[in-house]
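Reading through the structure tokens given below for one structure.
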Amino acid sequence: MEYNHRDIEKRWVEYWRTHRLYETKEDPSKPKYYVLDMFPYPSGAGLHVGHPLGYIASDIYARYKRHKGYNVLHPMGYDSFGLPAEQYAIQTGQHPAITTERNIQRYRQQLDQLGLSYDWSREVRTSDPAYYKWTQWIFLKFFDSWYNKDTDKAEHIQSLIAHFEKNGTHGLNAACTEPLEFSAQDWANFSEEKKQEILLNYRLAYRSESVVNWCPALGTVLANDEVKDGLSERGGHPVEQKKMMQWSLRISAYAQRLLNGLDTIDWSEALKESQRNWIGRSEGALIQFATDQGPNITVFTTRPDTLFGSTFLVLAPEHELVDAITTDAYRADVEAYRSYVKSRSERDRMADVKTVTGQFTGCYAIHPFTGEKLPVYIAEYVLAGYGTGAIMAVPAHDGRDHRFALKFQLPIRQVIEPGFDWDFSKEAYEEKVGTSVNSDFISGLQVPQAIQRMIEELVARGIGQRKVNFRLRDAVFGRQRYWGEPIPIYYKNGIPYPLPVDKLPLELPTIDKYLPTEEGEPPLARAQNWHYTDEDGNRWPLETTTMPGWAGSSWYYLRYMDPHNPNAPFSKEAELYWQNVDLYMGGSEHATGHLLYARFWHKFLYDLGYVSTEEPFQKLINQGMIQGMSAFVYRIKGEKRFVTYSKKDQFDTQALHVDVSLVENNTLNIDAFKQWRSEYADYEFITEDDGSYKVGREVEKMSKSKYNVINPDDIVEKYGADTLRVYEMFLGPIELSKPWNTDGITGVYNFLRKYWRLHFDPKGNFSVTDDEPTREELKILHKTIKKVTLDIENFSYNTCVSAFMICVNELSALKCNKMQILEPLAVLLAPFAPHVAEECYQKMRPGESVLLAPWPIWDEQILVENTFEYPVSFNGKTRFNLLLSKTLSPKEIEEAVLAEPKTAKYLDGKTPKKVIVVPGRIINIVV
RNA sequence: GCCCGGGUGGUGGAAUCGGUAGACACGCAGGACUUAAAAUCCUGUCCGCAGAAAUGUGGGUGCGGGUUCAAGUCCCGCCCCGGGUACCA
């Protein structure tokens with residue numbers, strides 16, 4: 001009998017399930033540890049080999065922590081609202097809930113095969129009304145809250161109303177959309193509608209105009225990645241930028257706290273840096289410019305010290321003052337330019353710096369100090385959403401302004417002296433280092449002092465103020481889609497009101513088609529009876545947009561703590577026990593989206609007293625992406641012939657993706673290919689000289705459409721879950737991206753067989769003995785315990801696997817079959833290959849699960865070495881090794897090495913200048 | 001464009017603190033066992049050059065510079081690849 005993974009894995013999966021070893025209860029006698037994976041979107045393509053990378057890595061840690069005596073929460077669920085299911089529904093008419101359910105079942109089946117230690121009794125699904133009831137509940141909390149900048153936290157809207165009743169806006173310091181001013185008397189006299197409108201200006205969930213990709217032909221809003229080169233990906237229709245009334249969440253109120261919190265959590269510096277950049281705090285000033293067309297223009301600048309170098313102003317084309325300042329002579333040109341900009345996405349506008357475009361408005365601003373007339377332009381490189389949507393251009397000290405000035409032949413005026421030669425006609429000098437020149441009262445000051453002095457002067461003259469600006473924008477929260485959480489709001493005379501809590505969940509209605517209405521209303525507008533009937537029997541229309549994909553994923557980690565609670569999102573007790581996630585594993589593509597939104601929701605819930613921690617995820621690890629290795633065949637254009645890779649350049653060819661399952665060692669199975677694509681059955685193949693057809697290869701994202709998806713099922717079937725688990729960890733560091741390649745999998749499979757054979761004789765009989773281990777065997781074991789323990793703590797799983805291989809190789813060479821060695825080894829291996837470890841462990845300790853065994857501890861005494869083989873190098877080049885006692889002092893080592901006959905040879909008669917001795921490391925002789 | 005990663009043999013990768021570059025695997029080559037194959041086991045394998053071999057010798061961690069007794073590791077300037085860029089999740 002040989003190692004039989006099918007038999008072993010089936011048996012122990014069943015055992016763990018019936019013994020409920022993965023289920024977790026709150027247990028105050030043990031320390032808690034919460035290990036979480038970013039839950040997947042259950043796509044129709046099923047799980048691919050990239051998904052398990054993070055799941056296995058976190059599973060190993062969860063299992064390790066259980067061995068270490070922690071009460072581990074390790075749940076899993078599904079982010080089951082999303083666009084692909086809706087797309088599929090549009091095409092087939094199939095309700096997204098049905099396809100989603102089917103996909104989830106497939107995911108579950110695939111996850112179950114991998115031996116992951118999830119507590120499935122805690123599963124959550126974002127599209128389940130029992131879950132999204134609480135997503136809606138949290139939304140209503142946002143709606144009922146405002147942000148008090150004095151207490152620096154969210155408060156109930158009642159305290160704002162109380163403030164208005166007492167003082168109006170006087171003394172109010174609140175996050176808002178527009179600054180407002182009114183008295184307590186005014187407030188008392190406002191109509192109900194007016195009051196509600198004012199409150200909306202302060203609520204954390206509010207409505208405002210924001211810009212979207214509008215596709216008139218499809219009658220819907222598109223995501224940026226549904227737009228390619230200004231056309232919709234579906235159908236290729238033109239897409240324009242359009243302003244639309246939308247729900248937003250006031251995340252900007254939390255910008256500073258989101259920034260500060262980063263210092264308290266254990267995430268990679270790279271990830272934190274991404275979030276810092278995304279939040280984008282910058283200190284500067286607002287400066288007002290008078291114009292010859294009436295209205296003042298307020299600009300935001302981080303470089304008020306360069307005000308004297310400003311030679312023109314630029315407004316975002318969408319800026320609200322554009323109409324007011326444009327002179328009649330330029331109105332037509334300005335309109336034409338604005339319609340051009342409408343066709344450009346924000347990303348195009350930022351990415352494309354080579355094409356400089358803009359339009360003069362005919363308006364001139366007045367320089368506040370020199371009185372000089374500065375032309376006012378509109379240009380796409382100024383974005384409406386950042387700062388005030390208007391800038392003072394300083395071409396000498398800003399690259400974008402410089403390019404613009406060259407294109408429109410505007411003056412470039414140096415106001416900072418870098419202290420070395422600089423050709424301002426060629427390039428802007430952007431560094432914040434140097435001395436102010438040509439700048440009146442700040443001339444001679446260094447940049448930081450010049451900035452301060454300028455702001456003081458602006459404030460003194462009443463034409464400017466100090467301002468901290470954040471790049472972080474409020475998060476648009478409405479989607480023109482069907483497959484998302486309905487927003488629990490109804491409208492009375494156009495004013496939004498919250499649905500009473502006892503009406504939650506507001507469930508998705510059934511509709512005939514998953515498309516927008518003919519009038520361009522979102523799909524929910526198709527629903528019959530999409531109304532709220534109040535206590536008096538009045539019917540009010542309900543909100544028709546739904547929540548974005550990130551709504552449900554912003555708090556799911558809290559629901560796992562108490563997943564079936566019908567009365568609250570989670571109980572106070574469960575929250576106090578589990579607190580927050582200790583280890584969060586997921587892809588780096590979520591660096592600024594999900595991870596910022598979830599932190600924001602968490603802080604909001606903290607302000608309201610629902611959670612007891614300020615940050616949701618203490619430690620976070622990004623697993624790398626497993627990429628696909630796409631294969632290509634080359635069709636000769638206009639002919640019925642394919643040409644092999646090495647000869648493709650002799651023809652004009654077109655590369656076509658070919659399914660990677662039809663390729664082995666870069667050789668295409670031509671018959672299988674013809675069967676796969678019958679339209680190519682009569683094609684001719686120009687092959688290599690040996691008659692084979694070689695495909696081209698390219699590393700790409702794993703995707704169904706690229707025919708490069710590798711599914712874990714076949715590997716589990718052929719080699720078993722343990723092999724897949726160990727292999728994926730062996731591939732390299734978890735945070736590194738790499739293409740999937742099964743070439744090395746036999747090495748891992750052989751290792752597990754070799755491990756198994758330590759316990760069984762060639763006939764398959766269990767053959768472990770109680771003999772006392774030798775010192776050498778103990779040394780191998782303890783070396784491995786140390787290495788594996790430390791490497792798990794560092795999440796360096798690939799080197800753990802190497803350590804296991806070395807250990808098993810060495811034990812095999814010694815023919816070691818001793819229980820005192822193999823029992824601790826089984827515990828060490830259990831997090832990585834739980835099935836085979838359980839098989840071997842239970843042979844040694846019948847009826848006891850390896851999952852519950854305590855983690856072995858290494859004995860440093862056994863590992864002590866008293867000699868070290870020093871590499872001896874000459875001028876940094878290693879020449880030979882020298883075995884010396886570890887007890888020698890550096891001086892004795894130096895003497896020993898100089899006495900060594902080989903040393904004389906490399907000295908070649910010269911005297912050493914210097915001998916560097918690092919005890920226990922290296923000897924370097926400088927000649 | 002901007003922000004964040006990454007680049008080491010034929011391949012995946014190791015080198016945890018600036019201290020022997022290439023651990024552990026895959027692949028390849030040779031050998032043992034076998035009628036044969038598979039499986040297994042053994043040996044070799046960064047690249048040149050010299051040598052029958054032992055060995056000697058030079059080069060080498062994307063490219064170009066620098067710091068240091070010593071650089072894959074630190075610093076400066078480039079090149080290439082991947083991810084994100086606010087309605088994919």
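Lettering of chains follows the sequences in order, A, B, ..., and the numbering in each one begins at 1.
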Which of B:rC3, B:rC88, B:rC26 is nearest the side chain of A:Asp743? It is B:rC26
Contact list (N/O, under 3.5 angstrom) for nucleotides 21-23 of chain B vs protein:
unit_1, atom_1, unit_2, atom_2, d
B:rA23, N1, A:Ser802, OG, 3.3

Check every strand shown and say whether A:Pro40 touches a base, only sugar-phosphate, or nothing at a heavy-atom separation below 4.0 Å.
nothing
| message | By the 4.0 Å heavy-atom rule, please label A:Asn875 as base, sugar-phosphate, or nothing. | response | nothing
Among the nucleotides B:rC26, B:rC4, B:rG19, whichever has the atom closest to the side chain of A:Thr746 is B:rC26
From the candidates B:rC69, B:rG13, B:rC87, the one with an atom nearest any side-chain atom of A:Pro733 is B:rG13
In Watson-Crick or G-U wobble terms, with both distances under 3.5 Å, the base opposite B:rU16 is none
- Mind checking A:Gln246 for me? I need base, sugar-phosphate or nothing, with any heavy atom below 4.0 Å counting as a touch. base
Across every strand shown, the nucleotide meeting Watson-Crick or G-U wobble geometry with B:rC33 (both distances under 3.5 Å) is none
Q.
Assess the residue pair A:Gln275 and A:Leu262 against the criterion (side chain to side chain contact (heavy atoms under 4.5 Å, CB included)); give the C-alpha distance rounded to whole Å, side-chain angles, the decisive distance to 0.1 Å, and a yes or no.
A. CA-CA 8 Å; A:Gln275 292 221 339; A:Leu262 291 172; 3.6 Å; yes
When rounded to whole Å, the CZ to P distance for the pair A:Phe804 and B:rG13 reads 21 Å
Partner of B:rA50 under the Watson-Crick or G-U wobble criteria, both distances under 3.5 Å, comes out as B:rU55
Checking N1-N3 plus N6-O4 or O6-N4 for Watson-Crick, or N1-O2 and O6-N3 for wobble, each under 3.5 Å, the partner of B:rA86 is none
Ranking B:rA89, B:rC24, B:rG19 by distance to the side chain of A:Ile916, first place goes to B:rG19
Rounded to whole Å, CE of A:Met805 lies from P of B:rA25 at a distance of 6 Å
Looking only at B:rG27, B:rG5, B:rA89, the nucleotide nearest the A:His590 side chain is B:rA89
B:rA71 -> Watson-Crick or G-U wobble partner, both distances under 3.5 Å, gives none
Do A:Arg479 and A:Gln246 meet the criterion of a side-chain donor-acceptor pair at a distance under 3.5 Å? no
Once you apply a heavy-atom cut-off of 4.0 Å, does A:Asn924 come out as touching a base, just sugar-phosphate, or nothing? base
| task | Give A:Lys787 one of three labels, base, sugar-phosphate or nothing, depending on what nucleic acid heavy atoms sit under 4.0 Å from its own. | result | base
For A:Leu258 and A:Leu596, the nearest pair of non-hydrogen atoms, with its separation, is CD2-O, 4.3 Å
Partner of B:rU11 under the Watson-Crick or G-U wobble criteria, both distances under 3.5 Å, comes out as B:rA25
Between B:rG82 and B:rG77, how far apart are the C1' atoms? Round to whole Å, please. 23 Å
| message | Under 4.0 Å, heavy atoms only, any strand: does A:Trp278 hit a base, just the sugar-phosphate, or nothing? | response | base
When rounded to the nearest 0.5 Å, the distance separating OH of A:Tyr132 from OG1 of A:Thr126 is 10.5 Å
The residue, A:Lys754 or A:Leu271, whose nearest nucleotide of RNA chain B is more 5′ is A:Leu271
Exercise. Output yes when A:Arg757 and A:Glu2 qualify as a salt bridge under the 4.0 Å nitrogen-oxygen rule, no when they do not.
Key: yes
Checking A:Ser127 against A:Ser80: is there a side-chain donor and acceptor pair closer than 3.5 Å? yes
*Between B:rA32 and B:rC46, how far apart are the P atoms? Round to whole Å, please.*
24 Å
Side-chain atoms of A:Arg757 come closest, of B:rC41, B:rC24, B:rC4, to B:rC41
Go through the steps for A:Glu427 and A:Arg403 under the test salt bridge (charged side-chain N to carboxylate O under 4.0 Å, His left out), then give the verdict. CA-CA 8 Å; A:Glu427 207 182 342; A:Arg403 280 189 287 271; over 6 Å; no
Open item on the list: Any salt bridge linking A:Lys242 with A:Glu209? Criterion: basic side-chain nitrogen under 4.0 Å from a carboxylate oxygen.
Closed with: no
Does A:Arg481 reach a base, just sugar-phosphate, or nothing at all? Heavy atoms under 4.0 Å. base
Whole-Å distance, A:His594 NE2 to B:rC88 C1', equals 15 Å
For B:rG77, the nucleotide meeting Watson-Crick or G-U wobble distances (both under 3.5 Å) is B:rC63
Which of A:Tyr556, A:Trp555, A:Tyr78 passes ring pair (Phe, Tyr, Trp, His ring centres under 6.0 Å) with A:Tyr131? Answer is A:Trp555
Check your understanding: Any side-chain N or O of A:Asn750 less than 4.0 Å from the OP1 or OP2 oxygen of B:rU40?
Key -> yes
**Message:** Students often mix this up, so state it plainly: with edges at 30° and 60°, are the rings of A:Phe477 and A:Phe139 parallel, tilted or perpendicular?
**Reply:** parallel
Against the side chain of A:Ser274, the closest entry in B:rA86, B:rC3, B:rC41 is B:rC3
Among B:rA89, B:rC17, B:rC87, the one nearest any side-chain atom of A:Val221 is B:rC87
Note: for A:Glu869 and A:Gly549 on RNA chain B, the residue whose nearest nucleotide lies more 5' is A:Glu869
Side-chain atoms of A:Val926 come closest, of B:rA25, B:rC69, B:rC87, to B:rC69
A:Leu758 and A:Ser812 have their tightest heavy-atom pair at CD2-OG, 3.7 Å
Applying a 4.0 Å non-hydrogen cut-off, can you work out what A:Leu790 is touching in the nucleic acid: base, sugar-phosphate, or nothing? nothing
Pick the C1' atom in B:rG6 and in B:rU73, then give their distance to the nearest Å. 15 Å
Winner on side-chain proximity to A:Ala270, out of B:rC26, B:rU16, B:rG5, is B:rG5
Could you work out the separation of B:rC17 and B:rG1 based on their C1' atoms and round it to a whole Å? 38 Å
Give me the distance, rounded to whole Å, that separates B:rU16 from B:rG66 when you measure between the P atoms they each carry. 27 Å
Think A:Arg753 has a side-chain N or O under 4.0 angstrom from the OP1 or OP2 of B:rU40? yes
Per the O4'-C1'-N9-C4 / O4'-C1'-N1-C2 angle with a 90° window around 0, B:rC75 comes out anti
message: Less than 3.5 Å apart, any donor N or O on the side chain of A:Glu543 or A:Trp247 sitting next to an acceptor on the other?
response: yes
task = Determine the Euclidean distance between corresponding C1' atoms of B:rG59 and B:rU8; express it in Å to zero decimal places.
result = 15 Å
task: Ignoring backbone atoms, test whether A:Arg473 places a side-chain nitrogen or oxygen under 4.0 Å from the OP1 or OP2 oxygen of B:rA86.
output: no
Given the 90°-from-0 boundary between syn and anti, B:rG5 should be labelled anti
query: Rounding to the closest angstrom, what is the interatomic distance between B:rU67 and B:rC81 at atom P?
result: 32 Å
Would you indicate whether A:Tyr381, at its atom OH, is surrounded by more than 12 heavy atoms from other residues, nucleotides or ligands within a distance under 6.0 Å?
yes
Base, sugar-phosphate alone, or nothing: which one does A:Gly478 contact when heavy atoms must sit under 4.0 Å apart?
base
- Message: Is it true that, when you exclude A:Arg400 itself, more than 12 heavy atoms of the residues, nucleotides or ligands shown sit nearer than 6.0 Å to its CZ?
- Response: no
Between the protein and nucleotides 54-61 of chain B, which nitrogen or oxygen pairs are less than 3.5 angstrom apart?
none

Q) Which value, in whole Å, describes the distance between the C1' atoms of nucleotides B:rG56 and B:rG65? A) 33 Å
